[in-house]
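So the structure is just underneath, and the comments pick up after that.
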There are 2 protein chains.
Amino acid sequence: MGRPKARVSMADVARLAGVSSQTVSRVSTGHPGVVGSTRQQVLDAMKELGYRPNSAARALKSGQFRTIGVILFTLSTTGNSRTLEAIATHAALEGYAITLIPVAVPTQDSVLGAFTRLGELAVDGVIVIMEVHLLDSATVTLPPHVQVVVVDSDAGDRYTVVDTDQADGARQAVTHLLDLGHRTVWHVTGPEESFAGERRAQAWRDTLTAAGREVPPPLRGDWSAESGYRAGLRLADEPDCTAVFAANDQMALGVLRALHERGRAVPAQISVVGFDDIPESGSFIPPLTTVHQDFAEVGRHCVQGILRQIEHGETEHGTTLVPTRLVVRASTAPPRPA
Amino acid sequence: MGRPKARVSMADVARLAGVSSQTVSRVSTGHPGVVGSTRQQVLDAMKELGYRPNSAARALKSGQFRTIGVILFTLSTTGNSRTLEAIATHAALEGYAITLIPVAVPTQDSVLGAFTRLGELAVDGVIVIMEVHLLDSATVTLPPHVQVVVVDSDAGDRYTVVDTDQADGARQAVTHLLDLGHRTVWHVTGPEESFAGERRAQAWRDTLTAAGREVPPPLRGDWSAESGYRAGLRLADEPDCTAVFAANDQMALGVLRALHERGRAVPAQISVVGFDDIPESGSFIPPLTTVHQDFAEVGRHCVQGILRQIEHGETEHGTTLVPTRLVVRASTAPPRPA
DNA sequence: TCGGCCAATGTTTACGTAAACATGGCCGCC
DNA sequence: GGCGGCCATGTTTACGTAAACATTGGCCGA
């Protein structure tokens, strides 16, 4: 296909339509003050030439890129990829594009690197999906006019933060098990760098304490099913253990397998609750009782929050918590009478 | 913080350093021909002012955005999000940014819409992660100079295509089961719009036929664990069924649950093989034998392919297949002697 | 009837960068 | 010792768009 010309500019359209390029600009941006017949001529010319506005020129002129950057460490956790998807969808709805800024390793340095690169990137705002104690605001210099929204953090005083209500979710999980009659609840935690994990663990501890129950030693996991399996093997050896709260569904899956291999029936002998409600959790053996996270809602709030800052200049920080909901399936039951 | 100035331009740096803005440009782009002492002055001035190059102006001048667009339908499948992650990582390595273009529904219209929007987006190339029979090249007008690489498609004659070697993976799965002594292998397919699913099914059929075995009717799934569960319930009622090949791990999970509920032991009575090797599959009950897909490699080839086109103008199309590998775990065994 | 005003459109300019071209000073060679 | 050439740096210009300002021409009211 012999391409007629590398790129078609407003000037080309203007020439063909017999108007000035400014009139083309007015048509292109939908400004008023162009009479119908002229507008139509311009539109025809645009179509004939296959005109597309040059976004670089627009951005240069307006200082706005209509783009949101998303910094994240990994897409391999359900939450991150689902949140990103929701962000992308809502941003597209508002006419914003998403630029992905992957950070190879979750260290302070690489996050700093991402923020630095950001200065050169064409973004109006940034959403950070990451544990934020990695960000030491004192050493990070954000380019001016770049707004930030953070997921999975407690930095609500410095940034706008959106997150799932981790604490309430954990509380619901533990309360559900206590209500069933379990004396206490064991916990398989996330990795210690994770704020989400930390908060789930804290709420687990608080709920038990508030109910006057003993707090068993937590078992440290790393979100992976494999780590859940290792924890499960140890739990299977705890004669007193009748209820487990795993900090995510993958680890719960590992716990289920360990208990199954050790011949500990779920839920007859031991009840298990997860966190996330990944699509597969309803197909575990047995189907998992878990805490549902609304990632779509988190993504929606992120975009909403960043756009409020970008477009309306609002800089009021604060934390938005998205509610969770316990989904009761078949992995929990009252404890077997001793 | 009283921001000193909204944005710092080369002119500002030039003024402070006492040089011309062109010299600043040369330092900024790393061009030779600037003597050490001058260079240092400029660098100092940049640092003092917090100068960051304006990417919009650069793009306008150079006609290159150093950005790759990724069109995809959903991030909720393991494959898509893992592939995207690899693409983002490799693109970042090459100094390219990734712009996400989510398509709400996988219809021809919305893909067309994405391509149209693309014309206005600041991208040098596009990677499409999607079933491509949705793309009718006759009606799609791509902006000039935008290159395309496609995942999950057979359009190798029109585009550069990168994909997992679906056929070989399925062949390995089926052969493994036949080698164990199973007379034939049942198949739970993906949705019919999926090329990947189609090809796995075709290879399953071909492998059985080539071995002179009977081809049982395939059971249609939709990638979800739930659909696998439904298929599994039906398979549990097939007295002849001793081996099942599910087109992905999620459906295999559903099959496992159905068989478990119906009291059909895996692998003693029925062997199950999946596809994808998601991280959790090693923690299924029992741990799943499955076909490992190297999404990282797919992503790498995508970026490599698109950059070859963008930077070297190569337009030779073709298909790159990334090899798969069977991971044998505990869900397969020889059939019980009749 | 004519001045003024508004609506439609045209002209100029600036956004920040970098290529292309221009300048000036110094060094080496004959 | 003079001149050609080259290296370091400066000046001009263009990329495509859109805001700000300028210019038409027609219509309405006094």
Side-chain angles (χ1 to χ4, degrees), chain A residues 5-43 45-46 49-67 95 119-124 143-145, chain B residues 5-43 45-46 49-67 95 119-124 143-145:
Chain A
K5 199 192 170 192
R7 48 208 328 182
V8 180
S9 77
M10 280 189 167
D12 301 315
V13 175
R15 205 170 305 121
L16 179 62
V19 300
S20 78
S21 64
Q22 182 52 29
T23 299
V24 177
S25 168
R26 278 189 266 256
V27 172
S28 171
T29 52
H31 275 212
V34 179
V35 85
S37 58
T38 310
R39 174 181 304 274
Q40 195 53 52
Q41 275 180 351
V42 172
L43 289 176
M46 279 180 174
L49 295 176
Y51 169 76
R52 323 246 182 191
N54 178 315
S55 62
R58 275 200 173 161
L60 176 60
K61 195 77 181 70
S62 69
Q64 301 259 106
F65 301 99
R66 294 196 75 78
T67 296
E120 311 174 14
L121 281 178
V123 296
D124 303 313
H145 295 308
Chain B
K5 198 193 172 191
R7 50 205 332 180
V8 180
S9 76
M10 281 190 168
D12 301 315
V13 176
R15 205 170 306 121
L16 178 63
V19 299
S20 78
S21 65
Q22 182 53 28
T23 300
V24 178
S25 168
R26 279 189 265 257
V27 172
S28 171
T29 53
H31 275 213
V34 179
V35 85
S37 59
T38 310
R39 173 181 305 275
Q40 196 52 52
Q41 275 181 351
V42 172
L43 290 175
M46 280 181 174
L49 295 176
Y51 168 76
R52 323 248 183 189
N54 177 316
S55 61
R58 276 200 173 162
L60 175 59
K61 195 76 182 69
S62 69
Q64 301 258 103
F65 300 99
R66 295 196 75 78
T67 296
E120 309 173 16
L121 281 178
V123 295
D124 302 312
H145 295 309

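The sequence lines fix the lettering, A, B, ..., with proteins before strands; numbering per chain opens at 1. As the structure is a computational prediction, the values presented were derived from the model and not from experiment.
Contact annotation: B:S62 does not reach the phosphate of D:dC15 (side-chain N/O to OP1 or OP2, under 4.0 Å).
Picking from C:dG16, D:dG16, D:dT11 the nucleotide with the shortest atom distance to the side chain of A:S9 gives D:dG16. Of the candidate nucleotides C:dA18, C:dT11, C:dG16, C:dA18 has the atom lying nearest to any side-chain atom of B:R58.
Nucleic acid contact for B:V19: sugar-phosphate only, since backbone atoms but no base atoms lie under 4.0 Å from a heavy atom of the residue.
Rounded to an integer number of Å, the gap from CZ of A:R52 to C1' of D:dT17 is 18 Å. When the C1' atom of C:dA14 is taken as reference, atom CE of A:M10 falls 16 Å away, rounded to whole Å. Taking atom CD of residue A:Q41 and atom P of nucleotide C:dA8, one finds them 15 Å apart after rounding to whole Å. Remark: C1' of D:dG16 and CZ of B:F65 are 11 Å apart, rounded to the nearest angstrom. To the nearest angstrom, C1' of D:dT17 lies 13 Å from CG of A:D12. The interatomic distance linking A:N54 (CG) with D:dA14 (P) rounds to 18 Å, in whole Å.
At distances below 3.5 Å, at least one donor-acceptor pair connects side-chain atoms of A:D124 with backbone N or O atoms of A:T67.
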Which pairs of donor and acceptor atoms, one on a side chain in residues 14-27 of chain A, lie under 3.5 Å apart (sequence neighbours left out)?
| from | atom 1 | to | atom 2 | distance (Å) |
| --- | --- | --- | --- | --- |
| A:R15 | NH1 | A:D12 | OD1 | 3.3 |
| A:S20 | OG | A:Q22 | N | 3.4 |
| A:S20 | OG | A:T23 | N | 3.4 |
| A:S20 | OG | A:T23 | OG1 | 3.4 |

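For B:A56, the side-chain contact (heavy atoms from CB on, under 4.5 Å) test picks out A:A59, A:L60, A:F65, B:N54, with sequence neighbours left out.
Listed by first and then second residue, the side chain to side chain donor-acceptor pair (under 3.5 Å) pairs that reach into residues 28-39 of chain A are A:S28-A:R58, sequence neighbours excluded.
Comparing the end axes of the helix from C:dT1-D:dA30 to C:dC30-D:dG1, each fitted to five base pairs by superposing C1' atoms of four pairs onto the next four, gives an inter-axis angle of 50° (nearest 10 degrees).
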Between the protein and nucleotides 19-25 of chain D, which nitrogen or oxygen pairs come in under 3.5 angstrom?
| from | atom 1 | to | atom 2 | distance (Å) |
| --- | --- | --- | --- | --- |
| D:dA19 | N6 | A:Q22 | OE1 | 2.9 |

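Comparing A:L60 and B:S21 along DNA chain D, the residue whose closest nucleotide (by nearest heavy atom) sits nearer the 5' end is B:S21.
For DNA chain D, none of the residues of residues 32-39 of chain A falls under the heavy-atom distance limit of 4.0 Å.
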